[in-house]
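Right, I'll just put the structure down here and ask away after.
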Amino acid sequence: MSELPKVFDHTTVDARWYSYWESIGAFTALPESGKPAFSMVLPPPNVTGSLHIGHALNHTLPDIIARWKRMLGYDVLWLPGTDHAGIATQNVVEKQLAAEGKTRHDLGREAFEARVWEWVRQSHGTITAQMRQLGDSVDWSRERFTLDPGLTRAVRREFVSLYRDGLIYRDRYIVNWCPRCRTALSDLEVQHRDTAGKLYYVRYPGVGGGPGVVVATTRPETMLGDTAVAVNPDDDRYRHMAGDRVRLPVIGRELPIVTDSFVDPAFGTGAVKVTPAHDPNDFAMGRRHSLPSVSVIDEDGLMTAEAGPYAGQDRFKARRGLVQQLEAEGLLEKVADHQHAIGHCERCGTVVEPLVSTQWFVKIGPLAAEAIRVVEEGKVTFLPDNWTKTYFEWMTNIHDWCISRQLWWGHRIPAWYCDGCGTTVVSEDDPDRCACGGVLRQDTDVLDTWFSSGLWPFSTLGWPDRTAELARYYPTTLMLTAFDIIFFWVARMIMLGVKFAGGVPFHTVYITGLVRDERGQKMSKSKGNVVDPLAVMGEIGADALRFTLAAMASPGMDIPLSEGRMTGYRQFINKFWNASRFLLMNIGDLPSRPDVPPAHDLGLAHRWILSGVSRLSTEVSDALTQYRFDLAADRLYHFFWHEFADWYIELVKPELQQTGPVRETAVAVLIEVHDRLVRLLHPFIPFVTEEVWQRLPRRAGDGPTVTLAPFPAKVAGWLDAQAERDMEYLQQIVTTIRTVRSERGVAPSRRIAAVVDEADAAMRAMLERNAGYIRQLAGLNRLEFRSEVAPGPDTVKRVLEHAHVFVPLAGVVDHQAEIEKIQKEVAAVAKESSAIEQKLASQGFVERAPARVVDEARARLAQLGERRAKLEGTLADMRG
RNA sequence: GGGCGGUUAGCUCAGUUGGUAGAGCACCGGCUUUACACGCCGGCUGUCACAGGUUCGAAUCCUGUACCGCCCACCA
């Protein structure tokens, strides 16, 4: 034992215990165990990604729950896995290729896919190793990947089933298009950023030579695709022009003026150009008025042949040229600054181009309606609750989901088109040939990544087969995730779970805040304020990081991760380590763990700490039941450090020096309380607790790891309010004497005397019995208890709730300082007294406040009066 | 345009059925007390953003204001 280092060294400990847990199958779910089941699925991180601080939070909190439930005796399945992350992964590999001077087209589809698989196999180990480093107690034997054969089968079943139900359709429609990624995006993959732009006022001359109309636009380059001008039917300025025709500048096309109530008369000129091919509103308007659609921007963001002189130009270059031309032709009436939100590709930041193309969509209305219903019925609860409203808001205004992506990496769409008869075949299995005998070609697009991850809670359990796992572990209990993927993922899991798995995928959705830097700023690479959990774990260990995240995870709040807080909790880990070291160094070699004697045979300190640790068990369990990781961590921190280490260990030190029954009792209680604290702390700080637990003396029936040891429950017989009150009194006396010593500059090594005038005989007896504790902790060589004391000169007299403490200190008493101190206290007491008197004097309080509160106020006033009398008595003595 | 969150000690934050405020860090003073200086002991620190309202009583409930932040959004 003596070789234990003074500072906990996580670097030599953490990895060893994780391997051990894995080797004994500590995290493996046991469906046959007969225990009640508890399940969660881990939000699958990007298979080629690296653990970031958000993951650290989203893995630590459920891990605490998983470990806690396991210790409570549940058969816990926490299922891990990774996501193929279609567009993100493809982009990474394309970048690698670009560095070699190649594009994916140089390789061709098959070779490219092989290349991505190679990258996936190579980097899969990175993220999973990082999860082990953090301590995720997941069941690796059931790890899944969204492109596994089983999950691929699930995706096909999903697609075909939705298609047959008429919930998937293919249509030519306006979609968000990223010209860089060359793929369609869903609404969610578009990020709107406020941008300072311009509003251009352009005149479209009348066909007959009239003045025509002036339209306002932020995107002049799209005017080349205009097929109408629209005005509000109630706009007196324009109403008479409905049906007139104007001439589109540059191109010369004649455009009709249509009326549509969508047009806001108050914006711009009240007349709007209509470009059905490049604006979602205009697309809808185009359909309402049967307008033609002219695409002027292609899939690379270049102007098409329809753009006349601008054909082949980049869309932004065309804008500049066009503005110049309009100005030269005298058609540009005005340019105004204009602030507006522009859509950008979530993955690459390119400005998204709305354009018309043929895509697959999920008809979302019926699915959303069900997903709303199950939440309304309380089958899924959001924590904190305000997210429920956000969820409803979004689900109510949801649009059809574009699920096809023009990528190569992902689940290929199970639709085939016949060259012969033009039929579309949608099938789970690859069809050989069309019924007409024609050759079938599979759709070249892949599915949105979220189309497969939306099945995660049940595809990972074997769906579409009706497996025993699915029956046992679905639905899961808790889904914990950051708010940014509520819509991407949580909502879709609910929709698809209800549709396919017979019910909601989880009962509680815990939405975490964002981990921010210490100044509350969002972490970003460009700001350089990113906290790397791997670096942090390397420096202070996974336990310290975990405990910090847990302690700071207040529901609904972002987490400003500060160096200071992390340091503080690293020190807590070290405190835990050293208190444990102390214990191991003092209990000696025990053949087995000693039993704690019945509480009524124990001295005050032991009864007090047993009562405390029993209460702590309840508090931690209650907090975890409500997912209040912060409260649980706070209580554990405070109890371990400021009650167990600061007081209890100090109290029992002398007893440990003895031999015989006194020492044996102290050892037994010390081990018992410490062992309970180790187990209570284990879900939060698994590594250091295992390291310590393995060195503790065993009791018959203890398993191979603390991970599978029972979580401490409260022991009703240990709860002892009297012991807690007595100890508080004792602590007050000790603290008072210490304060006097500190104020008067008494050297810590100097033993002094003190007297307490406790009038109550029973109390005095209690103090007498425990005088040794006070002498030791306050550095006294003499301590007396009397019912009355006549203080001599050079004695500091301090007032407690029920008694005085006298500390004779010849030569060092500063009478003036003492008088001022007491006067200050008298003033404070007087202030509080008068506040309570005022309260009691008001008619309403006595009449309407609960009797308990009134009694408390009266009792407090009496107490204050007593205290004031004592203080003033002391003051009189000092002056006299 | 819609919705949400925040404003409490120098800093970062707790404060859940309304009874006049807590923690960590920082700071000040003293300590090589044989678990720990990543420590021990003692100490200092608040018109709980502002203005109204409800109530015997409000940091806590209601209304409004200000500032900060976030999410969603097909007014060009």
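Hydrogens, waters and symmetry mates are skipped; everything else that's a heavy atom, side chains included, is used. Order of the sequence lines fixes the chain letters, A, B, ..., with proteins taken first and strands second; residue numbering starts at 1 for each chain.
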Point to revise | Flag for Asp385(A)-Thr388(A): side-chain donor and acceptor within less than 3.5 Å | key: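 Yes - a donor-acceptor pair under 3.5 Å links their side chains.
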Under a 3.5 Å distance rule, please check whether Asn232(A) uses its side chain to pair with a backbone N or O of Pro265(A) as donor and acceptor.
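Judged by distance alone, no pair lies under 3.5 Å.
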With C1' as the reference atom in both, quote the distance from rG18(B) to rC11(B) in angstrom, rounded to an integer.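 rG18(B) and rC11(B) have their C1' atoms separated by 30 Å.
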- Query: What integer distance in Å separates Ile511(A):CD1 from rC71(B):C1'?
  - Reply: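 It is 12 Å, rounded to the nearest whole Å.
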Tabulated below should be each protein N or O lying under 3.5 Å from an N or O of nucleotides 19-26 of chain B; please produce it.
from: rG24(B); atom 1: OP1; to: His642(A); atom 2: NE2; distance (Å): 3.4

Inset, instruction - Just compare rA35(B), rU16(B), rA76(B) and give me whichever is closest to any side-chain atom of Ile649(A). - result: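 When the side chain of Ile649(A) is considered, rA35(B) is the closest of rA35(B), rU16(B), rA76(B).
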>> Side chain of Phe483(A) only, heavy atoms from C-beta on: which candidate in rC70(B), rC13(B), rA76(B) is closest?
In response: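 In terms of side-chain proximity for Phe483(A), the closest of rC70(B), rC13(B), rA76(B) is rC70(B).
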Remember a base hit wins even if backbone is also touched, and classify Arg628(A) as base, sugar-phosphate or nothing at under 4.0 Å, heavy atoms.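 Contact class for Arg628(A): base.
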Spacing of Gln776(A) atom CD relative to rU33(B) atom P, expressed in whole Å: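 From Gln776(A) CD to rU33(B) P: 15 Å.
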| query | Of the nucleotides rA73(B), rA76(B), rC31(B), which one has an atom closest to the side chain of Val263(A)? | reply |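 Looking only at heavy atoms from C-beta outward on Val263(A), the closest nucleotide is rA76(B).
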Exercise for review: Check the distance between rA35(B)'s C1' and Arg581(A)'s CZ and give it to me in whole angstrom.
Suggested key: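 So the two atoms are 5 Å apart, to the nearest Å.
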Rounded to whole angstrom, note down the C1' distance from rG22(B) over to rG46(B).
->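 Per the computed distance, 11 Å lies between those C1' atoms.
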If only side-chain N and O atoms count, and only distance matters, is there a donor-acceptor pair under 3.5 Å linking Glu189(A) with Ser186(A)?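 There is such a pair between these side chains.
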message = Could you tell me if Lys575(A) sits above the aromatic ring of Tyr569(A), with its cationic atom closer than 6.0 Å to the ring centre and no more than 45 degrees from the axis?
response =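 No, Lys575(A) and Tyr569(A) do not form such a contact.
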Considering only the C1' atoms, how many Å lie between rU12(B) and rU54(B), rounded to the nearest integer?
->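 Each nucleotide's C1' atom is 34 Å from the other's.
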Worksheet item: Is the count of non-hydrogen atoms from other residues, nucleotides or ligands lying under 6.0 Å from Gln776(A) atom CD greater than 12?
Response: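 Yes, the 6.0 Å shell around CD holds more than 12 heavy atoms from other groups.
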Atom CD1 of Ile398(A) and atom C1' of rC72(B): how far apart are they, to the nearest Å?
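Spelled out: CD1 on Ile398(A) to C1' on rC72(B) is 12 Å.
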Practice problem: Please measure how far the P atom in rG52(B) lies from the corresponding atom in rA73(B), and state the result in whole Å. | Solution: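 Between the two P atoms, the distance is 40 Å.
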Rounded to whole angstroms, how far apart are NE2 on His338(A) and P on rA76(B)?
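Those two atoms, NE2 and P, are 5 Å apart.
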Among all residues two or more places apart in sequence or in another chain, which pass the salt bridge (charged side-chain N to carboxylate O under 4.0 Å, His left out) test with Asp260(A)?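 Partners of Asp260(A) under the salt bridge (charged side-chain N to carboxylate O under 4.0 Å, His left out) test: Arg288(A).
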For Asp646(A), report the nucleic acid contact type (base, sugar-phosphate, nothing); a contact means any heavy atom under 4.0 Å.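 Asp646(A): backbone/sugar contact only, no base atoms under 4.0 Å.
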Atom CG of Asp260(A) to atom C1' of rA76(B): distance rounded to whole Å?
->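 Between C1' of rA76(B) and CG of Asp260(A): 12 Å.
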Notebook entry, point to check: Hey, which of these two, Arg219(A) or Pro555(A), hits RNA chain B nearer its 5' end, going by closest nucleotide?
Noted result: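 Nearest nucleotide further toward 5': that of Pro555(A).
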Worksheet entry | Distance below 4.0 Å between Lys653(A) side-chain N/O and rA35(B) OP1 or OP2 |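 So the side-chain polar atoms of Lys653(A) do come within 4.0 Å of the phosphate oxygens OP1 or OP2 of rA35(B), strictly under.
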Margin query: Let's see if you can work this out: which of rC40(B), rU12(B), rC38(B) has an atom nearest to the side-chain heavy atoms of Lys575(A)?
Written below: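 Out of rC40(B), rU12(B), rC38(B), the nucleotide with an atom closest to Lys575(A)'s side chain is rC40(B).
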query: rC36(B), rC71(B), rC40(B): which one has an atom nearest the side-chain heavy atoms of Lys6(A)?
result: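 Within the option list, the nearest is rC36(B).
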- From Asn574(A) atom CG to Phe8(A) atom CZ, the distance as rounded to the nearest 0.5 Å: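 Spacing of CG (Asn574(A)) from CZ (Phe8(A)) equals 9.0 Å.
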Reckon Glu650(A) touches a base, only the sugar-phosphate, or nothing at all at heavy-atom distances under 4.0 Å?
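Base contact.
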Notebook entry, point to check: Checking Arg663(A) side chain against Leu656(A) main chain: does a donor-acceptor pair fall under 3.5 Å?
Noted result: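 A pair under 3.5 Å: yes.
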Options rA76(B), rU12(B), rA37(B), nucleotide nearest the side-chain atoms of Phe262(A):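 For Phe262(A), the side-chain atoms sit closest to rA76(B).
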Expressed in whole Å, how much space separates the P atoms belonging to rC25(B) and rU65(B)?
->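 Result for the P pair: 41 Å, nearest Å.
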In a table with atom names and distances, give each donor-acceptor pair under 3.5 Å that connects a side chain of residues 390-397 of chain A to protein atoms at least two apart or in another chain.
from: Tyr391(A); atom 1: OH; to: Ala371(A); atom 2: O; distance (Å): 2.9
from: Thr396(A); atom 1: OG1; to: Phe392(A); atom 2: O; distance (Å): 2.4
from: Asn397(A); atom 1: ND2; to: Glu393(A); atom 2: O; distance (Å): 3.0

Mark yes or no for whether Asp630(A), through its side chain, and Ala551(A), through its backbone, hold a donor-acceptor pair below 3.5 Å.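 Checking the backbone N and O of Ala551(A) against the side chain of Asp630(A), no donor-acceptor pair under 3.5 Å is found.
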Inset, instruction - Would you indicate what Ala645(A) reaches in the nucleic acid, counting non-hydrogen atoms under 4.0 angstrom: base, sugar-phosphate, or nothing? - result: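 Base contact.
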Secondary structure of RNA chain B per the Watson-Crick/G-U criterion (both distances under 3.5 Å; [ ] crossing, | other strand, . unpaired) is ((((((((.[[[[.)...(..]]]].(((((.......))))).....[[[[[..)....]]]]])))))))....
- Query: If you measure from the C1' atom in rG5(B) to the same atom in rC40(B), how many Å do you get, rounded?
  - Reply: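 Here rG5(B) and rC40(B) have their C1' atoms 41 Å from each other.
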Should the pair Phe640(A) and Phe576(A) be assigned to parallel (<30°), tilted (30 to 60°) or perpendicular (>60°) ring geometry?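 Judged by the thresholds at 30° and 60°, the geometry between Phe640(A) and Phe576(A) is tilted.
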What protein N or O atoms touch nucleotides 42-45 of chain B N or O atoms at under 3.5 angstrom, if any, and at what distances?
from: rG42(B); atom 1: O3'; to: Thr739(A); atom 2: OG1; distance (Å): 3.1
from: rG42(B); atom 1: O2'; to: Ser742(A); atom 2: OG; distance (Å): 3.4

query: When rounded to the nearest 0.5 angstrom, what distance separates CG in Asn578(A) from CE in Met585(A)?
result: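 The CG atom of Asn578(A) sits 8.5 Å away from the CE atom of Met585(A).
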* To do: List the steps, then state whether side-chain hydrogen bond (donor to acceptor under 3.5 Å, both in side chains) holds for Glu655(A) with Tyr773(A).
  => CA-CA 10 Å; Glu655(A) 298 178 7; Tyr773(A) 288 141; 2.7 Å; yes
Rounding to the closest angstrom, what is the interatomic distance between rC13(B) and rU8(B) at atom C1'?
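That atom pair is separated by 9 Å.
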Requested in this report: Check whether any side-chain heavy atom of Ile53(A) sits under 4.5 Å from a side-chain heavy atom of Leu545(A), and report yes or no.
Outcome: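 Touching, per the 4.5 Å side-chain cut-off.
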Which pairs, protein N/O on one side and nucleotides 2-5 of chain B N/O on the other, fall under 3.5 Å?
from: rG3(B); atom 1: O3'; to: Lys389(A); atom 2: NZ; distance (Å): 3.3
from: rC4(B); atom 1: OP1; to: Lys389(A); atom 2: NZ; distance (Å): 2.7
from: rC4(B); atom 1: O2'; to: Asn386(A); atom 2: ND2; distance (Å): 3.4

**Q.** Residue His340(A), side-chain heavy atoms: nucleotide from rA35(B), rA73(B), rA76(B) that is nearest
**A.**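 Comparing rA35(B), rA73(B), rA76(B) against the side chain of His340(A), the answer is rA76(B).
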Notebook entry, point to check: What integer distance in Å separates Arg744(A):CZ from rG29(B):C1'?
Noted result: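 For the pair Arg744(A) CZ and rG29(B) C1', the rounded distance is 12 Å.
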### Task
Pick the P atom in rC38(B) and in rA26(B), then give their distance to the nearest Å.
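Approximately 11 Å lies between the P atom of rC38(B) and that of rA26(B).
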- request: Start with the C-alpha gap between Thr218(A) and His338(A), add the side-chain angles, then the distance that decides, and say whether side-chain hydrogen bond (donor to acceptor under 3.5 Å, both in side chains) holds.
  value: CA-CA 8 Å; Thr218(A) 56; His338(A) 184 62; over 6 Å; no
ask   = Name the one of Phe382(A), Trp387(A), Phe629(A) that satisfies ring pair (Phe, Tyr, Trp, His ring centres under 6.0 Å) with Tyr510(A)?
value =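 Among the candidates, only Phe629(A) passes.
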message: Counting the atoms with a prime plus P, OP1 and OP2 as sugar-phosphate, which does Leu631(A) contact under 4.0 Å by heavy atoms, base, sugar-phosphate, or nothing?
response: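 Contact class for Leu631(A): base.
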Original post:
Between Lys273(A) and rA76(B), is there a side-chain N or O to OP1/OP2 distance below 4.0 Å?
Top reply: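 So the side chain of Lys273(A) is outside the cut-off, no N or O lying under 4.0 Å from OP1 or OP2 of rA76(B).
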Problem - For Trp641(A), the option from Phe644(A), Tyr637(A), Phe639(A) that meets ring pair (Phe, Tyr, Trp, His ring centres under 6.0 Å) - result: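 It is Tyr637(A), the one option of Phe644(A), Tyr637(A), Phe639(A) that forms the ring pair (Phe, Tyr, Trp, His ring centres under 6.0 Å) with Trp641(A).
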